[in-house]
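Each chain gets a letter, A, B and so on, in the order its sequence line appears, and its residues count up from 1.
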There are 2 protein chains.
Amino acid sequence: MSEAPPPVSGSPTLEDVARAAGVSRATVSRVINGVRNVNPAIQETVRQAIAATGYVPNQAARSLVTRRTGSVALVVSGAGVEGEENPFPNQVFADPFFGRVAGGVVGYLRPLGIHPVLLFAETDAARAEVVDYLRQGKADGAILVSTHGEDPLPKLLVDGGLPAVLFARPPEPLPISYVDVAHRTGAKLAADHLVARGCHRVATISGPLDVLAAQDRLAGFRDAMAMHGHPYIPCVEGAFTLDSGAAAMERLLAEHPDVDGVFVANDLMAQAALQVLHRHGRLVPDDVAVVGFDDSSAALACKPPLTTIRHPVEDMAAELARLLLAQIEQPDQRVTSVIFDPALVVRESA
Amino acid sequence: MSEAPPPVSGSPTLEDVARAAGVSRATVSRVINGVRNVNPAIQETVRQAIAATGYVPNQAARSLVTRRTGSVALVVSGAGVEGEENPFPNQVFADPFFGRVAGGVVGYLRPLGIHPVLLFAETDAARAEVVDYLRQGKADGAILVSTHGEDPLPKLLVDGGLPAVLFARPPEPLPISYVDVAHRTGAKLAADHLVARGCHRVATISGPLDVLAAQDRLAGFRDAMAMHGHPYIPCVEGAFTLDSGAAAMERLLAEHPDVDGVFVANDLMAQAALQVLHRHGRLVPDDVAVVGFDDSSAALACKPPLTTIRHPVEDMAAELARLLLAQIEQPDQRVTSVIFDPALVVRESA
DNA sequence: TTGAAAGCGCTAACAA
DNA sequence: TTGTTAGCGCTTTCAA
């Protein structure tokens, strides 16, 4: 057990291991990388030498020749304004949605020994940095989670020929793989549930209609209600925010005081709607049933707890990671997209 | 403007730029790295060549020779149990404390072009991976945010001679730089405030007394109260959790029904204490004044909003990043620690 | 099945 | 001030 004199300086290299094992660097490399055609006995010797020397491969040297870093960027991107005050939106972390995405990505990547680098791209400068980050080979590809629809980063990446995948379908068609949820299916779930509850005078509060998801949710809801014999469904457009949800609910109540069921395009607006209904003395769900969308943390914070449509965010994020790795392996492969089915989560509001 | 034939394959290298500029690789390298002693005219030529070729330095090649990656790991560590179900604690992201830490770190590092890699180290295996991550040269150092006191990772890193810094003083003395908050000062702030309000029968709910921060907060509070002429302050030990806070408050009320001021060692327990007081018909702050510690999101969620002690978490995190970079530059420098003063945030509970 | 040798793209002595 | 050159530690042909 006495061998492998400690290397004079720095940590041991392949050379040191090779010398300790009495083989060539190439052989040690083969053992480490699990290349077949290596004599089992030699494999064992090499393994012992590795343990004895405490060898750890140098990632830089490895990357230089393989042109891979084995790391990916997890980019939280948006259409933020140049010169924004806060360079790092704390709220991103507070957002349970992002937490679930990160959880799904890490859950898939960690067993593969890949750890995501966290990048924020709220400004043009930051977006340019992301592109550079990938071009410098600091990461092999990027998983993008956009907070806004008009995010220019996906196009930048595609134009740069950099491997990237997207959470949610891009507004403009782009040759990029993405995952998304079947918004229409989710909206149908909400419609079916409201009808099954016996709601007859149903309305909806949509998201901003320049956002794809909002369009799809509205269309899906209307289609499903039409199937149930309700050809016209009143709609007030919101902006996915608390304030806009409150305003929309007020207007809905003013224009359709007899409403007994509302599908709200996201939980945040639904939470506000619930408060408005409460102020107006309407009991939820008895007088008015409310269904939200997202199953965000807001859904549980609601009074009463919100019945809503849940994305399989973690699964979607894991699939996204898988798609990215596939694209890194085979850059010229056709883009793939995967649409996930959402599920109805019944709580007390409907 | 017609030069630099596009490189045959892959992206341009230093060689390509050098050829386009009619100089040597070394000169281009000097220009890129801002080394002085380069003829301004040549500098300009080189810059144009860089722009013309679209050159971006290869990080792997650079790291191989400089032995620096220019990236750091942000490690969320704990004393988690082996084989835990959830490999990635979503709640970490939900925790506003972590968000603030990350914000401070990113705020400091991003202008330097450094992006943190997010690592989780809840299990022994994960901790070994963190050590390997650094040993492989995938990051130059680690910023550790431990969720538990007995986290073994700091020692692993120190023993490995790997650059690392800690958020919060390690329980066992360790040659590692850290930042922390002056717990005793914070507790004194709380004491002074309660006394100034006119509280005469003051008690405290401490954290688990095997945790340093809990010890310091208790001692600091008692010392300050003694200065105000209250030599003995009743104390019930909690566990920094909601449940333990409620239990402690119940006990306090049973043993000292005439209490009119309580310092609770963290906001979560204070929140529970508030609920218990409410159940017992005690008005806060009129009957009983309550001061928490941390200024976590719980403080604002309380009814009434909690008066509490706030850490300058972002500043602390930024300083931590600075300490790490300093240590990476000068590995054999003595460890430094910086203690930050907390501040009293007066809301409605006291 | 194994070894020798040629780089990967860059920085940093050392010369000129 | 600039160029030449020698590696950094690894993977990967190509021969043996």
Side-chain angles (χ1 to χ4, degrees), chain A residues 7-47 49-50 53-71 132 134-138 140 329, chain B residues 7-47 49-50 53-71 132 134-138 140 329:
Chain A
V8 182
S9 79
S11 44
T13 70
L14 259 198
E15 185 72 49
D16 298 317
V17 178
R19 201 177 311 121
V23 299
S24 71
R25 288 205 309 268
T27 298
V28 178
S29 176
R30 288 185 189 110
V31 171
I32 288 171
N33 295 297
V35 177
R36 54 175 195 290
N37 297 342
V38 179
N39 184 321
I42 293 193
Q43 279 193 39
E44 188 46 32
T45 312
V46 169
R47 260 181 242 297
I50 289 174
T53 52
Y55 171 77
V56 176
N58 176 309
Q59 184 60 44
R62 195 175 248 183
S63 292
L64 187 54
V65 36
T66 61
R67 314 190 143 275
R68 285 287 160 69
T69 65
S71 100
D132 264 21
L134 294 175
R135 295 229 301 144
Q136 293 180 8
K138 291 184 175 176
D140 299 333
E329 286 314 315
Chain B
V8 183
S9 76
S11 44
T13 71
L14 260 197
E15 186 72 48
D16 298 317
V17 178
R19 202 177 310 121
V23 297
S24 72
R25 288 205 310 270
T27 298
V28 179
S29 177
R30 288 184 189 111
V31 171
I32 288 171
N33 294 298
V35 177
R36 56 175 193 290
N37 297 341
V38 179
N39 184 320
I42 294 194
Q43 279 193 39
E44 187 46 34
T45 312
V46 169
R47 261 181 241 298
I50 289 174
T53 52
Y55 171 76
V56 177
N58 177 310
Q59 183 60 43
R62 196 174 247 184
S63 293
L64 186 55
V65 38
T66 62
R67 315 190 141 275
R68 285 288 159 70
T69 65
S71 99
D132 263 23
L134 293 175
R135 295 229 303 143
Q136 293 180 7
K138 292 184 174 177
D140 299 332
E329 286 315 314

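Look at CZ on B:R68: it is 18 Å from P on D:dC8, rounded to the nearest Å. One can place CG of A:N58 at 6 Å from P of D:dC10, the figure rounded to the nearest angstrom. Between A:I50 atom CD1 and D:dC10 atom P the separation is 10 Å, expressed in whole Å. Between the P atom of D:dG7 and the CD atom of A:E15 lies a distance of 13 Å, rounded to the nearest Å. Atom CD of B:Q59 and atom P of D:dC10 are 17 Å apart (whole Å). Taking atom CD of residue B:Q43 and atom C1' of nucleotide D:dT2, one finds them 13 Å apart after rounding to whole Å. When the P atom of D:dT1 is taken as reference, atom CG of B:N37 falls 4 Å away, rounded to whole Å.
Closest approach of A:V56 and B:D132 over heavy atoms only: CG1-O, 4.4 Å.
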Which letters describe nucleotides 11-16 of chain D, given B = protein heavy atom under 4.0 Å from base, S = only from sugar-phosphate, - = neither? BBB---
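Taking for each of B:I42 and B:L64 the nucleotide of DNA chain D with the nearest heavy atom, the 5'-most of the two is the partner of B:I42.
For C:dG3, one of the phosphate oxygens OP1 or OP2 lies less than 4.0 angstrom from a side-chain nitrogen or oxygen of A:S24.
In this structure, the side chain of A:S29 does not engage the main chain of A:R25 through any donor-acceptor pair within 3.5 Å. Of the possible polar contacts, one joining the A:T66 side chain to the A:R62 backbone as a donor-acceptor pair under 3.5 Å is found.
The side-chain heavy atoms of A:I32 and A:L14, taken from C-beta on, include a pair separated by under 4.5 Å.
With sequence neighbours excluded, the residues satisfying side chain to side chain contact (heavy atoms under 4.5 Å, CB included) with B:N39 are B:A41, B:I42. Taking the side chain to side chain donor-acceptor pair (under 3.5 Å) definition, one finds that A:S24 meets it with A:T27, sequence neighbours left out.
Closest contact between the side chain of B:R67 and the listed nucleotides D:dG3, C:dG9, D:dG9 involves D:dG9.
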